[in-house]
Participant: 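Just passing along the structure, written as structure tokens.
Note: hydrogens, waters and symmetry copies are ignored here, and every other heavy atom, side chains too, is used. Quick note on labels: first sequence line is chain A, next is B, and so on, each numbered from 1. Everything numeric in this text was worked out from a predicted model, so none of it was measured.
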Amino acid sequence: MTSIRARLFLILLLTTGVVWLSAIAWIYLDTRAQVERVLDARLSEAARMVSSLLTRQDADGRKGLDAGKAARIAEIAAMHAPYERQLSCQIWAMDGGLVGRSEGAPAQPLTDRGAGFSVTQVNGETWRVYAVENRALGMRVLVGDNMRVRDRLIADVIRGLALPALLILPVLAGLIWLSLKRGLAPLSAMARSLAARPASDLSPLPDNDSPSEIRPMIRALNGLFARVAAARAHERDFTAFAAHELRTPIAGLKTQAQIVLGHGDATVRDNALRQIITGVDRTSRLVRQLTDLTNTESGAFGRDGGELDAGRTLQALADDIRQHHPKAAAITLDPGLSGLTLPVNATLFMLAARNLLENAVLHAPPERPVVCWLRRDPHGASLVIDDDGPGIPEDELPKARDRFFRGRNRTITGSGLGLAIADLALRRMKGGLHLENRAGGGLRAELRFPAEPQPRQRDAP
Amino acid sequence: MRVLVVEDDEVLMDGLQVGLGLAGFTVETVATCADASAALRAAPFDAVVLDLMLPDGSGLDVLAEARARQLPTPVLLLTARDSVPDRIAGLDAGADDYLGKPFDLDEVAARLRALIRRAAGRATASVQWRDVMLDPAAMTVSRAGEAVRLSRREFAILHALIDRPGQVLSKSQLEERLYGWQEEIGSNAIEVHIHNLRAKLGTGVIETVRGVGYRLMEAAP
């Protein structure tokens, strides 16, 4: 059951019902015992009363009781008005003859027992009988209560008690329902305020006057709101920054296009068109890198796991970069890399390696190839990329991997995102990026991996 | 009209250099704050086009430093950050105008002309000296109502002289206004342009001050 209110309601109703039923059962048993005691007392009293009215003539005459006595006995028998003919009275001689009986009393003796209480069956009816022996007159007085009537009496009493309680039951259910609703009101209020919230509203929910049961949830929700707000602010900053970064190349494109439109000179136009192509290349690379950065950050490329053939992957990357930048420096892969398996996420590895290799070839002089080799050390392994370019000025090294940071030794197509992407991708792989200027000039980029790469046996040359 | 463009994006820098050059400006370009400050110290400019986000700092620092040196050159900020607070910060730092990227090349040229005009204390777009009318925007010149067709260089020389009537401009000053740093200048280029100008405009406009340079005629002949 998913609704707390329905569950609580059912539990409360069942427990209340059980308590209520037990109370009724107790009252029933107790009332029944009390009523029996009272009725038994009346029975014995009536029997003694009748016995005291008997005289010697009654015993001797054997003709029946005189009219006055019979009326008196009938009166005793009919003491309780709504339960008419409740009591039946018989007067028997000790030797077996019926001296007299009240109206409606059966002709057979009500009991065989000499004296005291007994329960008997007479003509299919159950009787509670009290017998008194009058030894002086040699007579027996039997006074009986019809049990059917007695049960009706008890049932009436119980009904009188139970009926109001039964009527109260729905009222009780309603009250429980209302109380639950009232008790759970803070929850509903919270649900309402959350439902009415626009997506942009990430302000914390007030938790100072909330019940202690809800407060942990409100705190957890507020924590979530804070994290979402931070992530969103980060995204917004990033988008704003990206928009700024895109505006400059777009301005360049527009300016060059206006030159093409407004000038007839072929040399000027050709130059402007070439500039437009450069600008489009730079802008599309920037857009690709923005996408890469966003995907890496959101974890769309996964984190770790998998394995890849480092030599083959790097060769494919080198060929692709060569195709994109045919006039830039070449990439030389160390023979030790071929047949080497790295236990890393292929997409992230390629992202990091591509950006670093691209950076290296674009900064290096075209005639000095970029060298890529593997260094093993006790902590793991590093893929090292060495170029003979200008390197990064020492004061810019700490900022070099900031987003959109473009240092003094920049290239035309640089976006300031390559190192940021490589750094992020490597950190996602639980590795790291290390940058340093080489002693002889140029930059050394190290892609550090935590796990030791395994030489591949199968198709190693 | 000599303009310094401070912009680090190569494509845009090239576009401004060529585009403003076609609009009659002589354009020098630098890409960093340090180079911009050095250029502003080294030579006079009629106006500066300044980007804000530069590799070695903010263009606002260059601006603040130049204004601290009492440099009156009009400055047009050209930047991707064009929110209202950014504009206010730029103008309050001493900029004379603000344009957000991407912009229209013709608008940049028009704003630069307006800035230069204002800096020279003129309100009208065209300049008049006696019966010579010079329109910097249309790059046209007329004398006594007759249109005179001038080359870009000739126009620039006349513009420089007409902006400062009575002032003598040396050959090297004119060369500086006409050519960028990297351009090759023939040793007698200015003399040739002056000769052509005199031929097209007729006599009584440009006077040679021997050993010093050139100026507009002091008095009507």
Participant: Heavy-atom count around A/M350 CE within 6.0 Å, excluding the residue itself: above 12?
Facilitator: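 Counting other residues, nucleotides and ligands, CE of A/M350 stays at 12 neighbours or fewer.
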Participant: Using 0.5 Å steps for rounding, measure from the CD atom of B/Q17 to the CD1 atom of A/I259.
Facilitator: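 Going from CD on B/Q17 over to CD1 on A/I259, the span is 9.5 Å.
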Participant: Highest number of heavy-atom pairs under 4.5 Å with chain A: which of B/P102, B/G100, B/G19?
Facilitator: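 The residue among B/P102, B/G100, B/G19 with the greatest pair count is B/P102.
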Participant: Calculate, to the nearest 0.5 Å, the distance between atoms CG and OG1 belonging to B/D14 and A/T278 respectively.
Facilitator: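 OG1 of A/T278 is found 9.0 Å from CG of B/D14.
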Participant: Whether the side chain of A/Q256 engages the backbone of B/V11 through a donor-acceptor N/O pair (distance < 3.5 Å, no angle test) should be reported.
Facilitator: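 Flag set: sc A/Q256 to bb B/V11 pair under 3.5 Å.
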Participant: Tell me whether the count of non-hydrogen atoms from other residues, nucleotides or ligands lying under 6.0 Å of CZ in B/R69 goes above 12.
Facilitator: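 Enclosed: over 12 neighbouring heavy atoms sit under 6.0 Å from CZ of B/R69.
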Participant: So, A/Q258 versus B/D106: side-chain donor-acceptor pair below 3.5 Å or not?
Facilitator: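 Side chains of A/Q258 and B/D106: no pair found under 3.5 Å.
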Participant: With heavy-atom distances below 4.5 Å as the criterion, would you say the side chains of B/M53 and A/T248 are in contact?
Facilitator: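 SC-SC contact between B/M53 and A/T248 ruled out.
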Participant: Minimum heavy-atom separation for B/K101 to A/R247, with atom names?
Facilitator: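 Closest approach of B/K101 to A/R247: O-NE, 3.1 Å.
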Participant: Which pair of non-hydrogen atoms, one from A/Q275 and one from B/E10, has the smallest distance, and what is that distance?
Facilitator: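 Nearest pair, atom of A/Q275 first, then B/E10: OE1-O, 4.4 Å.
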Participant: Checking heavy atoms, do the side chain of B/D8, its backbone, both or neither come under 4.5 Å from chain A?
Facilitator: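 Contact with chain A is through both the backbone and side chain of B/D8.
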Participant: Can you tell me which of B/D104, B/V108, B/T79, B/T32 forms the most heavy-atom pairs within a distance under 4.5 Å of chain A?
Facilitator: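 Among B/D104, B/V108, B/T79, B/T32, the one with the most close pairs to chain A is B/D104.
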Participant: Does CD belonging to A/E367 count more than 12 external heavy atoms closer than 6.0 Å?
Facilitator: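 More than 12 within 6.0 Å, yes.
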Participant: Please report the shortest heavy-atom distance between B/L16 and A/T255, naming the atom on each side.
Facilitator: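 Of all heavy-atom pairs spanning B/L16 and A/T255, the closest is N-CG2, 3.9 Å.
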Participant: Has B/R198 got more than 12 heavy atoms of other residues, nucleotides or ligands less than 6.0 Å from its CZ?
Facilitator: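 Above 12, so yes.
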Participant: Using a 6.0 Å cut-off, check whether atom NE2 of A/H434 has over 12 heavy atoms from anything other than its own residue.
Facilitator: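 It does: A/H434 NE2 has more than 12 such atoms within range.
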Participant: Which bit of A/D265 is near chain B, if near means a heavy-atom gap under 4.5 Å: side chain, backbone, both or neither?
Facilitator: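 The answer is neither part of A/D265.
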